Trainee: 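Quick one: structure below, then a few questions.
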Amino acid sequence: TVNAPVAGAAPKVSISASPQVVAVGERSTIWWSSSGASSCTVIGPFNFEVGYGTSGSIQTQNLFQVETYTVNCTSPSGAKASAKVLVGVQ
């Protein structure tokens, strides 16, 4: 008999921005971390991949409108999880 593989737990992921609201034309720093992930990708404006690794930080480009940054992580068993943060502009 063949046993079906047991799906592993989804990784835990978090993402934040500092500052979360910037003046027009300023930048923010995006921080992300994960637990139980084997790989992560951060997606920024226009669906560009802007960061890699199970944790880290990146600086945004100069912002002129609200932008969303999403971290997508995968565990060694293939389970997936994601989190997102919005960076506002005033």
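These numbers come from a predicted model, not from an experiment.
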Trainee: Can T70 and S82 be counted as having a side-chain donor-acceptor contact under 3.5 angstrom?
Mentor: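 Side chains of T70 and S82: no pair found under 3.5 Å.
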
Trainee: Which atom pairs, one a donor and one an acceptor, fall under 3.5 Å between side chains of residues 34-48 and the rest of the protein, sequence neighbours left out?
Mentor:
residue	atom	partner	partner atom	Å
S34	OG	T54	O	2.7
S38	OG	T74	O	3.1

Trainee: Restricting to non-hydrogen atoms, name the atom on Y52 and the atom on W32 that form the minimum distance, rounded to 0.1 Å.
Mentor: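 Heavy-atom minimum between the residues: O-CZ2, 3.4 Å.
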
Trainee: Out of curiosity, T60 OG1 to Y69 OH, how far, rounded to the nearest 0.5 Å?
Mentor: 4.5 Å

Trainee: Kindly compute the distance separating CD1 (I15) from CD1 (I30), expressed to the nearest 0.5 Å.
Mentor: 6.0 Å

Trainee: Minimum heavy-atom separation for S18 and W31, please, with both atom names.
Mentor: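 Minimum heavy-atom contact is CB-NE1, 4.2 Å.
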
Trainee: For the pair Q90 (side chain) and V21 (backbone), establish whether a donor and an acceptor sit closer than 3.5 Å, ignoring hydrogens and angles.
Mentor: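 Such a contact is absent between Q90 side chain and V21 backbone.
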
Trainee: Of the non-hydrogen atoms in N62 and R27, which two are nearest, and what is the gap between them?
Mentor: OD1-NE, 2.6 Å

Trainee: Under a single-linkage definition using a 4.5 Å side-chain heavy-atom cutoff for Ile, Leu, Val, Met, Phe, Trp and Tyr, are L86 and V13 assigned to the same hydrophobic cluster?
Mentor: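 No, it is not one cluster - the side chains of L86 and V13 are not joined through contacts under 4.5 Å.
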
Trainee: Passes side chain to side chain contact (heavy atoms under 4.5 Å, CB included), V85 versus Q20? Steps please.
Mentor: CA-CA 8 Å; V85 65; Q20 195 161 354; 3.7 Å; yes

Trainee: Whether the side chain of S75 engages the backbone of P11 through a donor-acceptor N/O pair (distance < 3.5 Å, no angle test) should be reported.
Mentor: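 The answer is no, because no donor-acceptor pair under 3.5 Å joins these two groups.
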
Trainee: Quick one: closest heavy-atom pair of V22 and S28, and the distance?
Mentor: CG1-CB, 4.0 Å

Trainee: With a 4.5 Å cut-off on side-chain heavy atoms, are V89 and F64 touching?
Mentor: no

Trainee: Going through the distances and angles, do V87 and L63 end up as a side chain to side chain contact (heavy atoms under 4.5 Å, CB included)?
Mentor: CA-CA 9 Å; V87 182; L63 299 173; 3.4 Å; yes

Trainee: For G88 and V66, which heavy atoms make the closest approach, and how far apart are they?
Mentor: CA-CG2, 4.0 Å

